[in-house]
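A note on names: the letters A, B, ... follow the listed sequences, proteins ahead of strands, and every chain is numbered from 1. Everything quoted here is computed from the prediction, not taken from an experiment.
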Amino acid sequence: MKSEPDVYSIEDLRKAGSDHWEGIRNYQARNFLREMAVGDMALFYHSNAKPPGVAGVARICRLAYPDHTQFDTKSKYFDAKSSPDDPRWSMVDVEFVEVLPNYVSLQDLRDDAELEDLQVLRKGQRLSIQPVSRAHFNRVLKLGKSKTPVR
DNA sequence: GCCAACGTTGGC
DNA sequence: GCCAACGTTGGC
């Protein structure tokens with residue numbers, strides 16, 4: 001799950017304990033949100049950061065439900081075409097799990113042979129919610145917990 | 001700040 | 001249904 005740390009970082013989630021994941025306005029990303037189950041684990045990715053990369057881990061703690069910001073005319077996520085009868089956009093709640101002791105930068109991800117097929121590494125991909133396989137998840141976690149690069 | 005990639009919009 | 005124009009994402 002991507003977030004710009006200037007807007008909402010893993011530190012913000014750590015302080016909050018848990019929070020809702022608002023503002024997803026892409027159908028594909030929304031569909032991934034709707035497939036999430038309580039207990040699913042997520043990599044918290046800092047996009048538009050210097051450098052971008054995986055900063056921590058979160059856990060889904062509430063199933064997808066309507067994103068209230070779509071009905072808030074004052075919100076930048078307001079969507080006039082969405083109706084409360086048939087909400088277009090969803091959000092889930094996530095809870096803080098950990099800050100990775102070793103930040104895994106995008107370059108680190110690229111440099112790791114086992115992560116070759118990771119979606120976020122594919123050219124042109126922009127989805128802010130992306131599925132990650134168990135093997136990839138565990139690999140990123142391993143990188144994030146080792147003090148020296150894992151080879 | 002640039003720009004490639006990609007999604008959405010809207011005229012036809 | 002096509003596709004040009006436009007907006008957004010996000011790495012660099």
Worksheet item: Which part of the nucleic acid, if any, lies within reach of R25(A) when heavy atoms closer than 4.0 Å are counted: base, sugar-phosphate only, or nothing?
Response: nothing
Worksheet item: Using a cut-off of 4.0 Å on non-hydrogen atoms, how would the nucleic acid contact of K81(A) be classed: base, sugar-phosphate, or nothing?
Response: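 It contacts sugar-phosphate atoms only.
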Worksheet item: Backbone N or O of Q119(A) within a donor-acceptor pair of the Q125(A) side chain at under 3.5 Å?
Response: no
Worksheet item: Any ring-ring contact (aromatic ring centres under 6.0 Å, His included) pairs touching residues 88-122 of chain A, not counting sequence neighbours?
Response: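 Listed once each, the pairs are Y27(A)-W89(A).
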Practice prompt. Check whether NZ of the Lys or CZ of the Arg R139(A) lies under 6.0 Å from the centre of the six-membered ring of F137(A) and within 45 degrees of that ring's axis.
Written response: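 The answer is no; the distance or angle limit is not met.
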Worksheet item: Going through the distances and angles, do R25(A) and S128(A) end up as a side-chain hydrogen bond (donor to acceptor under 3.5 Å, both in side chains)?
Response: CA-CA 10 Å; R25(A) 294 294 180 270; S128(A) 56; over 6 Å; no
Fill in: Partner set under ring-ring contact (aromatic ring centres under 6.0 Å, His included) for Y45(A), not counting sequence neighbours
none
Worksheet item: Can you pull the contact range of chain A along DNA chain C, 5' to 3', using atoms under 4.0 angstrom from its heavy atoms?
Response: dG7(C) to dC12(C)
